[in-house]
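In listed order, ligands and their atoms are each counted from 1.
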Amino acid sequence: MPNQRFDFPQDFLWGAATSAYQVEGAADEDGKGPSIWDTFCRRPGAIQRGETGAEACRHYRHWKEDLALMKDLGLNAYRFSVSWPRVQSEGRGRANEKGLAFYERLVDEMLRLGLRPNLTLYHWDLPQALEDKGGWTSRDTALAFQDYCALVARRLGDRVPMWATFNEPDCVSHAGYESGVQAPGRRESPQVVNQVVHHLLLAHGLGMQALRREARLKGLQAGIVLNPLVIWPTPGRPEDVAAAERHWRVANDWWLEPLLKGGYPEEVWGWMGKDVPRVEPGDLQTIRQDLDFLGLNLYTRARITAGASKDPLVPDYAPLPEGARCTSMPGWEIFPPIMESLLVEVTRRWGRLPLYVTENGASFSQDAPGPDGRVHDPARIDYLRDHLQHAHRALASGVDLRGYFAWSLMDNFEWSFGYAQRFGIVHVDFQTFRRTPKDSAHWLGRVARENGFEAEPLPPRPSPFVQARG
Ligand code: FCB
């Protein structure tokens, strides 16, 4: 079949994403206070091979080179996060001028190069001083977050056009406070975990208010980045679709409904029984702020089946299908139709709102420069292209998608996996800190410059949700 052209809307953002702890290093330089990740990395067994983000990619030193690289590739946007303990070492009180100045330099250089800054205020590195006072189990942390947002907005709110309060709050609550596989590594009761969720949502609302109050840039967009589970009913039986639908309510609407409608989903609230969070008067109104955009991170799907589970909060996951292709992340199946499915489902359920894919990408841990000095990563090019084709199809069906950020700009500290996972479109040698753009970086740069690409047409393949609805 002849190739088809996939063109994207005018002003589409083409970028790459990172987060502070995963790339900056300089963990205790220039007045930065410790974060929960600095602490967690010292816990024996928490991180593979005992690695830490103390140096990471040394982006704190190499930031200029990293921005120039994106510019040279042809990207037009960069998603990064501000480290809270770098700009407020204890999470409260006096600002750390050197920390703020770093982000100011970074943003000014982005603007000079024509890279649109997309700033995330919280990508998991809570100041340790706040964790010592209870972390996200404490309502005071939400209040401290509001002050921190105001502080950053006063400094950068005249020039940063895109702000997200949180990255993946679901990971903060469940990986941080339930399973404990991420910082702060706590294993709390379901009620406490739900309280953490509530405090994160409240902090989002308070943060949005602070941003709107303090930032002066006209047309500034403020929102949040979520990682909705891309729920995929095993095809065939209506009970599987029902199980999938139930789990959409539990995993996704538990976040989306308070954010967009100002209330928790009623039936899920009922299923939670005595484990529901304490909600104070006015909280739900605070949480529901008008979002200028919703950021979506997606990598793989969750196959749900109707099985033995009697608890509506606990789904039955189907095993990986036979012949599934995976990335180097254990169990992360490559299944590009997730892109169309998630974009369409969010739009269908919540109405048309500006969406960005704020993270999408693949880890292939074998990536390394070859004898020709280049890093050939055809599997990552396939991953990016296939997902983008499905994004294109979502656009054609009316989804308001405004941009795409590959995770990640460069290989970096992949949380509990340390440096073994390589998600970058740019290779990093962690001995020399040398950066080498992989073939996928050149590919994505060309797509950005041309605002589209050519590829084989997609096969028809509606999601089982779509099929189920007829
Ligand atoms: C997301 C995180 C990001 C990175 C990717 C692989 O959940 O937001 O920091 O770890 O996964």
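- Rounding to the nearest 0.5 Å gives a distance of 5.5 Å between CD1 of Ile425 and CG of Leu75.
- Taking the six-membered ring for Trp and thresholds of 30 and 60 degrees, Tyr356 and Phe405 have ring planes inclined between 30 and 60 degrees apart.
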| task | Evaluate the salt bridge (Lys or Arg N to Asp or Glu O under 4.0 Å) criterion for residues Asp367 and Arg380: first the C-alpha distance (whole Å), next the side-chain angles of each, then the deciding distance (0.1 Å), finally the verdict. | result | CA-CA 10 Å; Asp367 287 349; Arg380 185 174 290 100; 2.8 Å; yes
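- Under a 4.0 Å heavy-atom criterion, Met329 is not in contact with ligand 1.
- Per-residue contacts place Asn167 under 4.0 angstrom from the following atoms of ligand 1 (heavy atoms of the residue considered): 8 (O).
- Taking the six-membered ring where the residue is Trp, Tyr419 and Phe430 present tilted rings, their angle falling between 30° and 60°.
- Taking atom 7 (O) of ligand 1 as the reference point, the nearest protein heavy-atom neighbour is Glu168 OE1, 2.6 Å.
- Backbone and side-chain nitrogen or oxygen atoms of Gln22 are examined, and one is located within less than 3.5 angstrom of a nitrogen or oxygen of ligand 1.
- Take Tyr264 and apply the side-chain hydrogen bond (donor to acceptor under 3.5 Å, both in side chains) test, not counting sequence neighbours, and it matches His198.
- Applying the 4.0 Å criterion to heavy atoms of Trp415 picks out, from ligand 1, the atoms 3 (C), 4 (C), 9 (O), 10 (O).
- Looking at Asn227 against ligand 1, nothing comes within 4.0 Å, counting heavy atoms.
- Given atom 5 (C) of ligand 1, the protein heavy atom at minimum distance is Tyr299 OH, 3.3 Å.
- The shortest N/O to N/O separation between Trp332 and ligand 1 does not fall below 3.5 Å.
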| request: Show your reasoning for whether salt bridge (Lys or Arg N to Asp or Glu O under 4.0 Å) applies to Asp30 and Lys32. | output: CA-CA 6 Å; Asp30 290 343; Lys32 177 182 165 290; over 6 Å; no
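- Residues Tyr122 and Trp136 place their aromatic rings such that the two centres sit under 6.0 Å apart.
- Against a heavy-atom cut-off of under 4.0 Å, Phe423 is close to the following atoms of ligand 1: 6 (C).
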| field | Worked check of side-chain hydrogen bond (donor to acceptor under 3.5 Å, both in side chains) between His62 and Asp66 | value | CA-CA 6 Å; His62 292 260; Asp66 293 334; 6.0 Å; no
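- Any N or O atom pair closer than 3.5 Å counts here, and Glu359 shares at least one such pair with ligand 1.
- Close contacts between ligand 1 and His123 involve ligand atoms 2 (C), 3 (C), 8 (O), 9 (O) [criterion: under 4.0 Å to a heavy atom].
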